[in-house]
Asker: 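The structure under discussion is supplied below as structure tokens; questions concerning it will follow.
Atoms considered below: every heavy atom in the structure, side chains included; atoms not considered: hydrogens, waters and symmetry mates. Since we're looking at a predicted model, the values are computed, not measured.
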Amino acid sequence: MSDQIDYSGMAALSICEALLLAMNDNKLLPEHEIVGVLRDAAATHENASGTEKEMEIHQAVGGLINTIIAGGNSVRRP
């Protein structure tokens with residue numbers, strides 16, 4: 001079951017990254033809006049509540065999203 005969850009998460013991340021890149025390439029969303037979407041997603045996880053294990057997962061997800069923002073993977077840069 002955990003392998004299925006890992007594969008699902010990796011697929012979802014790849015699909016979302018491709019969509020964000022396509023939206024920026026086609027000028028549907030500017031870079032600052034895409035980064036805003038990612039920041040909102042990170043904040044949702046950083047401010048989530050739940051059990052200790054759920055909080056650990058949310059913090060890890062928020063951290064991953066912030067790493068994506070910092071790395072600039074969500075937009076193409078010359």
Asker: Under the side-chain contact (heavy atoms from CB on, under 4.5 Å) rule, collect the residues that match up with Lys53, sequence neighbours excluded.
Answerer: Thr51, Glu56, Ile57
Asker: With Glu33, which residues qualify under side-chain contact (heavy atoms from CB on, under 4.5 Å), at least two apart?
Answerer: Leu29, Pro30
Asker: First locate atom CG of Leu38, then atom CD of Glu17, and finally report the distance between them rounded to the nearest 0.5 Å.
Answerer: 9.5 Å
Asker: Count I, L, V, M, F, W, Y as connected when their side-chain heavy atoms are under 4.5 Å apart, and connections chain through other members. Are Val37 and Val61 then in the same cluster?
Answerer: no
Asker: Could you grab the distance from atom CG of Asn24 to atom CG of Leu19, nearest 0.5 Å is fine?
Answerer: 12.5 Å
Asker: To the nearest 0.5 Å, what is the distance between CG on Leu21 and SG on Cys16?
Answerer: 11.0 Å
Asker: Residues in side-chain contact (heavy atoms from CB on, under 4.5 Å) with Leu64, at least two apart?
Answerer: Ile68
Asker: Between Leu20 and Met23, is there a side-chain heavy-atom distance shorter than 4.5 Å?
Answerer: yes
Asker: Identify each donor-acceptor pair in which a side-chain atom of residues 42-50 lies under 3.5 Å from a protein atom, sequence neighbours left out, and give them as a table.
Answerer:
| residue | atom | partner | partner atom | Å |
| --- | --- | --- | --- | --- |
| Thr44 | OG1 | Asp40 | O | 2.9 |
| His45 | ND1 | His58 | ND1 | 2.9 |
| Glu46 | OE2 | Asn66 | ND2 | 2.6 |
| Asn47 | ND2 | Ala43 | O | 2.9 |

